[in-house]
Amino acid sequence: MTTAQPQELDVQPTPLALLLLGREADPKSERGVECPGDLPSPSDPDLVERARKAKEKLGDKVFVLGHHYQRDEVIQFADVTGDSFKLARDAAARPEAEYIVFCGVHFMAESADILTSDDQKVVLPDLAAGCSMADMATAEQVAECWDVLTEAGIAEQVVPVSYMNSSADIKAFTGKHGGTICTSSNAKRALDWAFEQGEKVLFLPDQHLGRNTAVRDMGMSLEDCVLYNPHKPNGGLTADELRAAKMILWRGHCSVHGRFSLDSVRDVRERIPGVNVLVHPECRHEVVAAADYVGSTEYIIKALEAAPAGSKWAIGTELNLVRRLANRFAPEGKEIVFLDKTVCFCSTMNRIDLPHLVWALESLAEGNLVNRIEVDQETEAFAKLALERMLALP
């Protein structure tokens, strides 16, 4: 008898596969993958104590930011928690902190670097913590889109509005072309402002937030919106379709919020009579239309804080936050469940774990600056211009 030998498959990994495996970097993406040095083992029983000691050694030199979607093991070391823009502003309000350790994703750390002083250094514990939504709009794709709008004869009528969940390059494009940034809390105000400046809006990169705000909050119709697909010639749209549209939505979405469906809403209402369905505006339009309440992460938290004891809630947002809120409000008799039956964390956000945080804090405590996020001056100037327009919104 002979034993078959394993064969080498003649398969060449794609650049995306190498990126996801952490073996390559893509300078045109908002993600990175380099993580020099040896990480502590996740099974190290001393990780919590090591993080505490390193943070204590750094003292006021370090300020740790924790996004709402982070793991509990990381959140316990955050000086402040919040959404991406709140955290970036909190960092800017702490000029004495030499190091800003951002436990979030890449575009958030970029925003913090843009808003903080040149003396402050922003650190992302794992450079592979990116955002699939932000990666759905590259600078080259958006520049090509603008060329399409120019050829259709409407570029001068279009005002770009970019969601905070976008790369620094996209924020800079927005600032350079007279647009503004928005959050999920102030998207309507941003769009109101944009339509005072021009006749049309190019909304980047989340189609669902743009559509939901336009239709649900501003009274537009679905026919007023067209979807620009960067992977199709001319975005998959004719010049006439572009000319007729009020909202030109970029074909991007959040991989977590995009998975909630109308069936999820129907199912939870059958399982839990009297449940209140509360979802994030990054969810699909039909999910938002079927929900009882819609709002940003901060809105969701405040709604649950104000909810009466004994009330029942199904939440359509990232699972780490939903689970944390369920535990927090259980003693008050509030029943809080995840909208979908399937467990779904933000996979890139979850790259920031306790071993990466310990490695970053201990490196800084030893005087080694690691994983610094630094936006170049020209990009920063135009991105800051777009952010300042948002801050000036009435």
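Under the 6.0 Å distance and 45° angle rule, Lys61 does not count as a cation-pi partner of Tyr99.
Within a 6.0 Å radius of CZ in Arg89, no more than 12 heavy atoms belonging to other residues, nucleotides or ligands are found. A 6.0 Å sphere centred on CD of Gln377 holds no more than 12 heavy atoms belonging to other residues, nucleotides or ligands. The number of heavy-atom neighbours closer than 6.0 Å to NZ of Lys176, taken from other residues, nucleotides and ligands shown, is 12 or below. Atom CD of Gln197 has more than 12 neighbouring heavy atoms from other residues, nucleotides or ligands inside a 6.0 Å radius. The neighbour count for Gln76 CD, taken as heavy atoms of other residues, nucleotides or ligands under 6.0 Å away, is above 12. More than 12 heavy atoms of other residues, nucleotides or ligands sit less than 6.0 Å from atom NZ of Lys312. Heavy-atom contacts from other residues, nucleotides or ligands closer than 6.0 Å to NZ of Lys86 number more than 12.
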message = Please evaluate residues Lys121 and Leu369 with respect to the criterion side-chain contact (heavy atoms from CB on, under 4.5 Å), reporting the C-alpha separation (whole Å), side-chain torsions for both, the decisive distance (0.1 Å), and the verdict.
response = CA-CA 9 Å; Lys121 302 168 184 66; Leu369 177 60; 3.5 Å; yes
request  = With ring-ring contact (aromatic ring centres under 6.0 Å, His included) as the test, would you mind laying out the steps for Phe329 and Trp313 before giving the verdict?
outcome  = CA-CA 11 Å; Phe329 293 115; Trp313 297 83; 9.8 Å; no
message = Walk me through whether Val265 and Arg269 qualify under side-chain contact (heavy atoms from CB on, under 4.5 Å).
response = CA-CA 6 Å; Val265 179; Arg269 291 198 191 280; 3.7 Å; yes
request  = With side-chain contact (heavy atoms from CB on, under 4.5 Å) as the test, would you mind laying out the steps for Val122 and Leu124 before giving the verdict?
outcome  = CA-CA 7 Å; Val122 178; Leu124 186 66; over 6 Å; no
request  = Would you check, one step at a time, whether the test side-chain contact (heavy atoms from CB on, under 4.5 Å) holds for Leu364 with Val101?
outcome  = CA-CA 10 Å; Leu364 295 175; Val101 176; 3.8 Å; yes
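Between the side chain of Asp46 and the main chain of Glu49, no donor-acceptor pair closer than 3.5 Å is present. For the pair Asn165 (side chain) and Ala134 (backbone), a donor-acceptor distance under 3.5 Å is absent. Thr213 places no side-chain N or O within donor-acceptor distance of the main-chain N or O of Gly210, the cut-off being under 3.5 Å. No donor-acceptor distance shorter than 3.5 angstrom exists from the side chain of Arg251 to the backbone of Gln207, with no hydrogens or angles considered. Lys334 places a side-chain N or O within donor-acceptor distance of the main-chain N or O of Glu305, the cut-off being under 3.5 Å.
The hydrophobic cluster containing Ile315 also contains Val279, counting ILVMFWY residues as joined when their side-chain heavy atoms lie under 4.5 angstrom apart, directly or transitively. Taken together through direct or relayed side-chain contacts under 4.5 Å among Ile, Leu, Val, Met, Phe, Trp and Tyr, Met133 and Val161 form part of one hydrophobic cluster. Cluster annotation: Ile181 and Val159 are assigned to the same hydrophobic cluster (Ile/Leu/Val/Met/Phe/Trp/Tyr, side-chain heavy-atom contacts under 4.5 Å, transitive). Hydrophobic clustering of Ile, Leu, Val, Met, Phe, Trp and Tyr side chains at less than 4.5 Å, counting indirect connections, unites Leu319 with Val268. In terms of hydrophobic clustering, with Ile, Leu, Val, Met, Phe, Trp and Tyr side chains grouped at heavy-atom distances under 4.5 Å, Ile114 and Leu204 are assigned to different clusters.
Salt-bridge annotation for Asp44 and Arg50: present, with a side-chain N of the basic residue lying under 4.0 Å from a carboxylate O of the acidic one. The pair Arg189-Asp192 fails the salt-bridge criterion, with no side-chain N (NZ, NE, NH1 or NH2) lying under 4.0 Å from an Asp/Glu carboxylate O. The pair Glu96-Arg94 counts as a salt bridge, with a side-chain nitrogen and a carboxylate oxygen less than 4.0 angstrom apart. The residues Glu56 and Arg52 are annotated as salt-bridged, a charged nitrogen and a carboxylate oxygen being separated by less than 4.0 angstrom.
Under 3.5 Å, the side chains of Glu318 and His280 contain no donor-acceptor pair of N or O atoms. For the 3.5 Å distance criterion, the side chains of Asp376 and Thr379 qualify, holding a donor opposite an acceptor. Inspection of the Thr317 and Tyr69 side chains reveals an N or O donor paired with an N or O acceptor under 3.5 Å. With 3.5 Å as the limit, one finds a donor-acceptor pair spanning the side chains of Ser221 and Asp224. Judged by distance alone, the side chains of Thr183 and Asn186 do bring a donor and an acceptor atom under 3.5 Å apart.
Note: Ile352 CD1 to Cys103 SG = 6.0 Å, rounded to the nearest 0.5 Å. Put simply, CG on Asn368 and CD on Glu362 are 11.5 Å apart, with the number rounded to the nearest 0.5 Å. Here the CG-CD distance, from Leu387 to Glu380, works out to 10.0 Å after rounding to the nearest 0.5 Å. How far CD1 of Ile336 is from CZ of Arg328: 9.0 Å, rounded to the nearest 0.5 Å. Interatomic distance, CG of Asp83 versus OG of Ser185, reported as 6.0 Å (0.5 Å rounding). Taken from CD in Gln157 to CG in Leu242, the straight-line distance is 11.0 Å, to the nearest 0.5 Å.
When every heavy atom of Leu47 is checked against every heavy atom of Pro355, the shortest pair comes out as CD1-CG, 4.1 Å. Of all the heavy atoms in Val142 and Ile170, the pair that sits closest is CG2-CD1, 3.6 Å. Here the closest non-hydrogen pair linking Ser363 and Val370 is CB-CG1, 3.8 Å. The minimum heavy-atom distance linking His253 with Met136 is given by the pair N-SD, 3.3 Å. The shortest heavy-atom contact between Leu262 and Val287 is N-CG2, 3.8 Å. Across Ala386 and Lys171, no two heavy atoms sit closer than the pair CB-O, 3.6 Å.
Taking the six-membered ring for Trp and thresholds of 30 and 60 degrees, Tyr228 and Trp250 have nearly parallel ring planes, at less than 30 degrees apart. Note on ring orientation: taking the six-membered ring where Trp is involved, the planes of Phe260 and His257 are tilted (angle from 30° to 60°).
Counting heavy atoms from C-beta on, the side chains of Trp146 and Pro160 come closer than 4.5 Å.
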